[in-house]
Each structure stands twice: as structure tokens, then as C-alpha cells.
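Treat the numbers as computed from the prediction; the structure is a model and nothing was measured.
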Amino acid sequence: MIKKVPHLAHWGAFTAVTENDRLTGCEPFFADADPSPMLNTIPELVYSDKRIRQPMVRRSWLKSRENSDRSLRGREDFVAVDWETALDLVAEENRRVRDRYGASGIFNGSYGWSSAGRVNHARTLIRRFYNLGGGGVDQLGNYSWGAAQFFLPYVIGTYMPLTGRVTDWPEVVEHAEIFIAFGGLALKNAQVASGGAGQHSLKPALQQLAAKGTPVINISPLREDCPDFVNAEWIPIRPNTDVALMLALGYEIEQRGAVDDAFLASHCVGWPQLRAYLRGEQDGVAKTPAWASAITGIPAARIVALAQQLIGKRSFITCSYSVQRAHRGEQPYWMMIALSSMLGQPGLPGGGFSFGHGSMNSVGNPRIDGPAPMMSAGINPSGLAIPVARISDMLLNPGQPYGFQGETLHYPDIQLIHWAGGNPFHHHQQLNRLVEGWQKPQTVVVQDIVWTPAAQMADIVLPATTTLERNDIGGSSRDRFVLAMHQAIKPQHQARNDFDIFADLAERLGYRDSFTERRNEREWIAHLYQQCAVAHARKDIHWPEFEEFWQRGYVEVPEGGAPYVFMDAFRADPQTNPIRTASGKIELFCQTIADYQLEDMAGHPEWREPQEWLGAPLSAQYPLHMISIQPSDRLHSQLDATPSVQRNKTAGHETLSMHPRDAAARGIEEGDEIEVSNARGVMLAGVRLTEGLTPGVVTIATGAWFDPGFGKAWQSYDRAGNPNVLTLDIGTSSLTQGPNAMSCLVEIKKRSGCKNG
């Protein structure tokens, strides 16, 4: 019997096709003109041999509990237990650790991409569970734009543009006379959006921009960061030097008398301080095109020409999320805002600045503003949290101080990790440090679908269902569809829904009714739908009753409404519509940041050498700059264990792209197995040669499952090709402590005995 039901993943809505209760295919949503090919891999994940089939407990932990040998995590076998025993163990550990150490002894970790569904959304549920139980140590920010989230409010009063609430694509297409993309406009990145989507919008928007003939300039180490049909000019740049280029553009524009003095006076503060820095009045170094050329590798004449292209034009400048995922990653975002302000562009239709066009789906979608379905996680009564990327530091340095948002804080002493959804051994930088830190707590609980590296290094492992084995509701506030997610197949093996797992744990700890609010899964789905319906009704958008929505499978929000232009009200009247900075204006110099007296950040945009870049002394020993990029065939590390993704590997490892010139200098050929190394570690990879890279730069996708030799003595290298065994474990700055997991210096050699060698 063939059955079809509506469903949703972060990479798009689809119809799940089953035959005799077995998932056989995923058909794209009718409204999606550019569906993601990742839909085809979903059945492989559901039936993966990596599924966690039943609750499991590490053998020696079961005997000794908090006194077990923690160095055996990842190297010791597991004992199967029934669900009642597993839940009892987790609840007992919660009670024991909370009683002995308080909320500061519990770290409730997650990352939000485990499910597009909002009822069984692991990140929400684990926060809700621990918040209602007395609190724990939470995570602040995310790995996507963690630096920008905590920096932008100082300069423009909000981080909301990072969520996709930026100038609509139709406004950009109609009015922009030049489009500058720092970090490119890669279509592969726009396959995904948190909460899923009914439409993939980037490709149609770029096709319209290309048809209009708008000049597009891709400033990136990668030519492939823009699709060919855009006809973008590629300006190759050394990684982590974008701010130097922007400073030189600002210098040239100021020298040519092309600054919009009226806009700077009425809408900005700090122009005199920034101008003095551009001219070199502070440090004796004028930020000329020749100065920037030596740093960026871009000819000075091209920098001058680019400044000329911007002058007198309606310009739209965007930075990808990846630009700020680097040491001092706040600086290019700040200077992009300043550069656009110097040109008087913010708030103009098709003008100004943006973040994330080309980094995620739904950015710039025209949509009447309204919420997506979302269950409340509640308030953490402990008030304890760390920046998302400081996990290793926290585990390795309990009680030690660190800087964040101008304050000195101290790391808690974690004795219990409960991680539900997401794979920290993908996201986190410098995984060898994380392995070391992971051995410190007395107990580690991991709740997931498959045996991720984190699950393999846990003490208690709880098997969760895939989205197709349960009902749910999903959608994004930037997409025009809210979507029903019907259960397509019965739960596989002994997997249980995340909501049910936490509800049963809450019952053991005495607060089930508070956690569930006495609603079951279906009642929560209807409740979240109704919340959205009421919010949209206030905008005169009326949704059908829940049962009609559930049967149809979706509700569509009309495009309608006035075109959205970021900062247009502020531009029209900055006195009546100030932004939420200390001054009410765009802060090109921020007195608040200056008053923090940070050693690594001034009160205005600036160039300071990042710790690792191609101009650093360390490049003599490690002369290649490795950039990790988002994969095209998976979402982060999801789907990596499937056969389809494994077939895309090279020489059995993640594929690393390399310029032929760099490969030839090392005797490396297409398809070779290589060792990529620096002082922090070694990983194996396979080689792909391409001229679409800045020489001296290599790229590799993130998401290969960290494989240091599980079940054996630890190996000295990662065998899968996970770049985060090599990256730095430092914050982007002491202001934001953002993730710095995108780039580092390496050396590469062909592995002895491999193909062609």
C-alpha cells in the first residue's frame, strides 16, 4: 500500500512516500522551484545502520557511576538497558548532581538543527526541561553568527538582520546599481533554513539580478562562492583580510571627496575618529590601496577602481556569515556598515548593507512579518550560560575568568553534560581539546538519532526518533509557509520522541505537568498553530481551523504588505525613529566599546593581524590557509554517515580543494590521499584540484564525522577529514567570544603509500 504525507526538513518541505510502512522516497513541495537534492538522502538516514537501536550505558560507568574511568569514553563498549532503567539513571544523575553541585554543575547542551519540527525540537526541549527543573548552564548565541550577534547591537542597535530580516530581494533587484558580496553568494548554503521552508529563494533572486544586468562582485578566496549564471566578477582575496580592503575603499572614497557628509552628521556618530584612523593620524599608517594590497593580495589599482565603482551608485553590500567566523571577525562587519554609511546608502531601497544573503535560505524573502511556530523554553532561573563556542574552555578551566561583553565572568564546574540533538564534535573548534574536556564531567548523557561521535563518547545514550517517525509542525518566520509534519512510519527499533523522553524524565523529577502543560504531542501541535494564527489575524491574515490545515498540510502567508527596506524609517527621520544604540545612531566609533578598554578591540573598525593568516610569521612553517566551508550534500554533520554522502568522498575521506600550483609544489595529484597538519593535529583528506581558489588557500567542507579511532587506542589523527581537529580554539574577540572555527594555517603532504605515490 502506497501512502503519501506532508513533511518538512530544514532543507525543505516535501511529501514522504511510503509503501507498506517503509519510507521509499521524498517528493519536493509543489511551491518549491529549487528543491534541495538532500531530500533524496533522507531515507538513507532513517534506515541507517548507524541508528541508535536501544538505550545504552557505558560498561564501567554502569558499575562505578561518577567514579568511572572517564578516559574510556569513546573506547569502551556499551551495555543495553531498557527504557525504564535508562530514564531512571538519567533522572538519578540529575537529582544527585543538582543536590551536590547546584545548577552550575549541569550543562544542558544542544544545537538547533536536529529537527525542523517545533514540538520535538531538541534544543527547545532540553532548555525547557532544565529551566523548569531549577536551571543549568546554557549556551549563548550560535555557531552561525555568534560574533555578530553580540557585536551588532553596539553599532546598529539590533542583531535581527542576521535572522533574515533584511532588505527584500525584490527591492535589491529593482534598485541596486552594484552588488558587492564579501564571502560570496553560494547556492549550496541556501539549501537550509532553521525551521524549514516551502520555497528556496536565493537562486530565483540571483537569476532576476543577473537578468537585470546588475554588476555583481564576488570578493572571496573562492570563485565558486557565486554561481556562474550571475556573471559576477571575482576578486580573489587572502582569507581574513576583508576589513583591510574595506578600510582602503573608505580611504579612497574620503580622499576623492565622495563622502556623504550630511548622512554621517545626521545618522552616525564617530566619523571624525574613523576618518583620523583612515588617514593614519593615530598610528602613522594611512589605509591606502597600496597598504591594503600588501595585506589582501588585491592589486592597488583594482582597489581604486572598486572605490570608483561605488561612488555615486546605489550600492548594496553584504557580508556572508562566514566572514565573521574568524579571529577579529567583528571588524569586517563594522567596516562594511561604516563604508555603506560613508556612501550614504543605509535605508535606501536596494542600498545599504546586509548580512547573510547567500548564507542561508529565506534571507531577504518578501513576507508579511509574523511568527513561526515555537514552543517556549522558559526562563533559566540560574541565569548561568557561556558563549556557545567556549565549551572546551569551560570544561578544562572551571572557576577561571574570561571576558565577555565588557565583563569578567567565571567558568562553572560541570559534572553532568546532557546533550540532546546536534553533534558538538562537528561544530566545535579544536576537537582534540574538546575530547580532553569531555573527559572531565562525572556523567555524559547524549540523546540522538544515530551514533554520532558525541554519542560514542557518552556514558548514557538515549535513541530518538527521526522527524518521520512522529508528528510535528514547522516553519520559519522568513518563509511564507507553515507546514504540517505527519508521521510517515512507525518508530524504528526502540527510538522514542524527544518530547516523550523529556516528559518522562520530568515525571521522575516531579514536574511533568509543568513541562507538558498537560498537552500531548498532537495538542501541542494544535496549540502552536493557534498561536501563529492569532498573531497573523492581527495583520488581517486569517488562517483555516487547525483540522483543515492538518489535512491540507500547509498554510501560506501572502507576500503582500509594503516592501521591506532595512533602516528606512530611521533614514527618513532619525530623531523620531532612533535605533537602539547608545547614541540612537549608527556608531562608527562606539564609546561603550572604547570604555571597556579591551586589549584586542578599539572603539572603531580597524585592521589588526589575526592570529593566523598568510601574512603571519607562522605561514613560513604552515604556508597554506585552510578554510572550512558548508557542505553541499548534508546539513552540518547530518547525513554524513549515509551511503550517498560517503560516495562523494575522495580516497575515502572528506574532499579538500587545492590550487594546482600548490599541489604541484608538493607532488600531489587529483584524487591523492593527503595528510593535512599543523601543531594542533593531523587529518586525512582526499584532493580535488581547482583553479577557482586563491593560491595558498585550500578549502574543505565541514561535517565529516570526527574519527580518531573510536573503540581502540586513540589515533594521532582524524581519519575522516574533519577540519576542526586543526582549527584554533580562541574567541573571535574578548567582546563577543564568537566561534573561530572557519580557518587556520596548515601544511599538506601526500600520504605515503597512497594513490599515485
Side-chain angles (χ1 to χ4, degrees), residues 71 73-74 107 109 111 139 141-144 146-147 239-240 322 324-329 386-398 400 402 411 414 417 419 422-441 452-454 456-457 610-613 616 618 621-622 624-629 636-637 654 656 675-685 698 700-710 714-734 736-747:
S71 69
R73 287 177 181 145
F107 180 54
Y111 206 57
Q139 298 162 281
N142 59 51
Y143 287 91
S144 295
N240 299 358
S322 63
Q324 52 87 59
R325 288 198 291 261
H327 191 208
R328 311 195 193 284
I386 62 163
V388 67
R390 307 292 2 117
I391 299 173
S392 296
D393 277 356
M394 173 187 69
L395 296 175
L396 292 168
N397 303 295
Q400 293 301 303
Y402 67 98
Y411 289 119
I414 300 300
I417 295 175
W419 197 282
N423 175 16
F425 288 88
H426 151 65
H427 288 289
H428 204 69
Q429 59 260 33
Q430 204 6 257
L431 295 181
N432 293 319
R433 285 193 83 224
L434 185 57
V435 168
E436 183 183 357
W438 204 254
Q439 296 173 5
K440 301 297 183 180
T452 64
Q456 294 179 64
M457 285 189 279
Q611 187 162 325
E612 293 191 8
W613 70 297
L618 190 64
Q621 183 177 1
Y622 300 109
L624 298 173
H625 197 134
M626 183 185 72
I627 300 174
S628 57
I629 61 176
H636 299 305
S637 73
E654 195 61 39
L656 179 141
E675 292 185 2
V676 188
S677 65
N678 58 27
R680 293 177 290 274
V682 181
M683 73 171 184
L684 303 184
V698 297
I700 187 169
T702 63
W705 274 17
F706 176 54
D707 183 10
F710 288 117
W714 292 108
Q715 303 295 318
S716 60
Y717 54 79
D718 169 63
R719 299 181 295 188
N722 188 315
N724 277 335
V725 300
L726 303 172
T727 47
L728 289 156
D729 193 10
I730 60 172
T732 54
S733 73
S734 61
T736 72
Q737 295 290 355
N740 177 38
M742 291 297 294
S743 71
C744 61
L745 295 178
V746 301
E747 180 55 291

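The CD atom of Gln324 sits 9.5 Å away from atom CE of Met742, with the distance rounded to the nearest 0.5 Å. For the atom pair CG of Leu726 and OH of Tyr622, the computed distance is 10.0 Å after rounding to the nearest 0.5 Å. Distance CG/Asn724 to CZ/Arg433: 13.0 Å, rounded to 0.5 Å. Distance check: Phe706 CZ to Gln456 CD gives 10.5 Å after rounding to the nearest 0.5 Å. To the nearest 0.5 Å, the span separating CG on Leu624 from OG on Ser677 amounts to 10.0 Å. With values rounded to the nearest 0.5 angstrom, Glu436 atom CD is found 10.0 Å from Leu434 atom CG.
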Could you please spell out the steps behind the side chain to side chain contact (heavy atoms under 4.5 Å, CB included) verdict for Asn678 and Met626? CA-CA 11 Å; Asn678 58 27; Met626 183 185 72; over 6 Å; no
The test is side chain to side chain contact (heavy atoms under 4.5 Å, CB included); show your working for Ile414 and Met394 and say whether it passes. CA-CA 8 Å; Ile414 300 300; Met394 173 187 69; 3.7 Å; yes
Assess the residue pair Ser392 and His428 against the criterion (side chain to side chain contact (heavy atoms under 4.5 Å, CB included)); give the C-alpha distance rounded to whole Å, side-chain angles, the decisive distance to 0.1 Å, and a yes or no. CA-CA 9 Å; Ser392 296; His428 204 69; 3.4 Å; yes
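Side-chain contact between Arg73 and Pro441 is present, with at least one heavy-atom pair separated by less than 4.5 Å. Under the 4.5 Å side-chain criterion, counting only non-hydrogen atoms from C-beta, Asn397 is not in contact with Tyr402. Counting heavy atoms from C-beta outward, Val698 and Val676 have side chains that stay 4.5 Å or more apart. Using a 4.5 Å heavy-atom cutoff, the side chains of Thr702 and His426 are in contact. Val435 has its side chain within reach of Gln439: a pair of non-hydrogen atoms, C-beta onward, lies under 4.5 Å apart. Between Ile629 and Ser322 there is no side-chain heavy-atom pair separated by less than 4.5 Å. Under the 4.5 Å side-chain criterion, counting only non-hydrogen atoms from C-beta, Glu675 is not in contact with Tyr717. In this structure the side chain of Phe107 reaches within 4.5 angstrom of the side chain of Ile391, judged on heavy atoms.
Counting all heavy atoms, side chain and backbone alike, Pro424 lies closest to Leu431 at O-CD2, 4.1 Å. Ala685 approaches Leu656 most closely through the heavy-atom pair CB-CB, 4.1 Å. Taking all atoms of both residues into account, the shortest heavy-atom contact from Ala701 to Pro723 is O-CD, 3.9 Å.
Not a single donor-acceptor pair under 3.5 Å links the side chain of Gln737 to the backbone N or O of Thr732. With hydrogens and angles disregarded, no donor-acceptor distance shorter than 3.5 Å links the side chain of Trp705 to the backbone of Pro453. A donor-acceptor pair is defined here as one N or O able to donate and one able to accept, closer than 3.5 Å; no such pair exists between the side chain of Gln429 and the backbone of Thr727. In this structure, Asp718 contributes its side chain and Met683 its backbone to no donor-acceptor pair below 3.5 Å. A distance-only check finds a donor-acceptor pair linking the side chain of Asn432 to the backbone of Arg680 [under 3.5 Å]. Counting only distance, with no hydrogens or angles, the side chain of Asn722 and the backbone of Ala704 share a donor-acceptor pair below 3.5 Å. Distance alone, capped at 3.5 Å, is enough to place a donor-acceptor pair between the Asn740 side chain and the His327 backbone. With hydrogens and angles disregarded, no donor-acceptor distance shorter than 3.5 Å links the side chain of His625 to the backbone of Trp613. Within the 3.5 Å criterion, the main-chain N or O of Cys744 finds no donor-acceptor partner in the side chain of Glu612.
Ser144 meets the side-chain hydrogen bond (donor to acceptor under 3.5 Å, both in side chains) test with no other residue; sequence neighbours excluded. Contacts of Arg390 classified as salt bridge (charged side-chain N to carboxylate O under 4.0 Å, His left out), with partners at least two apart in sequence or in another chain: Asp393, Asp729.
Between Tyr111 and His636, the ring-plane angle classifies as perpendicular under the 30° and 60° cut-offs. Ring geometry for Trp438 against Phe425 counts as perpendicular: the plane angle is over 60°, on a 0 to 90° scale with 30° as the lower cut.
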